> 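This structure is in structure tokens; I'll ask about it shortly.
Atoms within each ligand, like the ligands themselves, are counted from 1 in listed order. Please read all numbers here as calculations on a predicted model, not as lab measurements. Note: hydrogens, waters and symmetry copies are ignored here, and every other heavy atom, side chains too, is used.
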Amino acid sequence: MIKPFKLPDGFLMGSATAATQIEGGDSNNNWFAWCESGKIKDGTSCIRANDHWNKYKEDTKLLKDLGHKVYRMGLEWSRIEPENGRFDDSVMSRYRDELILLIRSGIRPLVTLHHFSHPLWLCDVGEFESEKSIGYFERYVRYVVENIGDIVSEYITINEPNVYVTNGYFTGEWPPGKKDLSQAIKVYKNMALCHIAAYKAIHEIRARMGWDKAADIACTTEAHAASACVTSRTMVGVANHLRIFDPYSKNPLDIIAARVMDWLFQGAIIKSMTTGRLRFPIGFGAPLGKGRFFDFIGINYYSRSAVRFKGFKNDVMPGTPRNDLDWEIYPEGLYMLCKDFYKKYRAPIWITENGTCDSKDAFRAKYIYDHLYEISRLCEEGIPVERYYHWTLMDNFEWVEGESARFGLVHVDFETQQRTVRKSGRFFSEMCSSNSVSEEMIEKYL
Ligand code: BGC
């Protein structure tokens, strides 16, 4: 039954994007090269995307008009460090402008440092297959935080290492297009260590500069006008792609396969990244020391997998609702994962992505309602779910699906770059302002 509900007063809602998916214009990253080699299903390329690199002012106004209180945005490493060891200050100041504009608009930024994309020079030196990536990543992160750490206190080091490894090293559908188990494990390990090195560096820099102590960091900068929306508390985490893994049938072999899949896809990597102690099969020991390397639990949640022992494969539960990409819509899964991960990790939960592919905007509003309803249940039970970032603000370049898979609250005509708010976007906007769903909203949107 669809009924009104409320979220706690301090609960913050907004949206998430990624640099490569919206900026356009960068030909110096691994995804551009992948597009050029004809790997995108609809033949489009991230070189176009949403032209956000130039349209960031218009898009920030859109975010403000929609009442989004928080915004997760990515930085494009290949723009910031176009050649190994050479940083481009003009790029950093363009990002700084965007961040200040967000803050002045009353929107709190959460910055992603790596979201599937990196410079071509990193590909030439072995990407994350090489241990050297740890030093390269840390150097890049240090440069970024030295430059924006006074106005940005919240960071995601790496987006979905498990999706990066699965698509890049198991299925080979994403760059670098390999099917190589031993490389996959190496990449997992190096990404875990990249996260830990970055976690330490961000905290160290912000503490050394006193940015984590300022009563109000924005007061120390030109962003003072919007001081109310920025806190000084340093918050660093990973955006973890979490799924429910259920057995396809009652067959004990399917049950075992589902457990194994769960551990290989999300259990081992999250334990390794958060504690510093590498777990089987990623590695052994604690090369960078043990600790607690997260300040929030970042959850990207989309769907459930129905696991079959035969072929060790992920299927979709028969007879369930699906989105345009045939992903099951399973809101209860979000409730279960939050409960489980809170029990294991005891930290605030931020839903760093959740959304659906719905080109006709036929079920997106209901999808949003159902997932936020599950969050309201968690909040009532005292589970500290603090944030919700909808994926995504506007239709964008959806990796191998290209421009055809539409996840936006806002429709985009890629030819004209015209943005048009969808009905679900208006519904979400009302939720952002009221932290609730009322009878009137149900009547109007659902
Ligand atoms: C990724 C996004 C992507 C979304 C929808 C997430 O796994 O982080 O970049 O667009 O899923 O496929």
> Under 3.5 Å, is there a donor-acceptor pair between the Thr356 and Arg364 side chains?
no
> Is the distance from the ring center of Phe116 to that of Trp31 below 6.0 Å?
no
> Report yes or no: is the cationic atom of Lys366 (NZ for Lys, CZ for Arg) under 6.0 Å from the centre of the six-membered ring of Phe363, at an angle within 45° of the ring normal?
no
> Please report which non-hydrogen protein atom sits nearest to atom 7 (O) of ligand 1, along with the residue it belongs to and the distance in Å to one decimal place.
Glu160 OE1, 2.5 Å
> Checking side-chain polar atoms at under 3.5 Å, does Glu127 have a donor or acceptor matched by the opposite partner on His118?
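A pair is found: one side chain offers a donor N or O, the other an acceptor, under 3.5 Å apart.
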> Give the atom numbers and elements of ligand 1 that come within less than 4.0 Å of a heavy atom of Asn159.
8 (O)
> Relative to the heavy atoms of His115, which atoms of ligand 1 are at a distance of less than 4.0 Å?
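Here the atoms of ligand 1 in question are 1 (C), 2 (C), 8 (O), 9 (O).
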> Starting from atom 4 (C) of ligand 1, what is the nearest protein heavy atom, named by residue and atom, and what distance separates them?
Tyr302 OH, 3.4 Å
> Give the residue, atom name and distance (to 0.1 Å) of the protein heavy atom nearest atom 10 (O) of ligand 1.
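The answer is Glu398 OE1, 2.6 Å.
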> Is Val163 touching ligand 1 with its side chain, its backbone, both, or neither, if touching means heavy atoms under 4.0 Å apart?
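No part of Val163 comes within reach of ligand 1.
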> Among protein heavy atoms, which sits nearest to atom 1 (C) of ligand 1, and what does the distance come to when rounded to 0.1 Å?
Glu353 OE1, 3.3 Å
> Ignoring hydrogens and angles, state whether a donor on the side chain of Tyr199 or His203 is under 3.5 Å from an acceptor on the partner side chain.
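On atom types as modelled, these side chains qualify, holding a pair under 3.5 Å.
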> Is it true that Glu401 lies under 4.0 Å from ligand 1, counting heavy atoms only?
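False for this residue.
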> Verify whether one side chain among Arg139 and Asn84 offers a donor that lies under 3.5 Å from an acceptor in the other.
yes
> Is there at least one pair of N or O atoms, one from Trp327 and one from ligand 1, spaced under 3.5 Å apart?
no
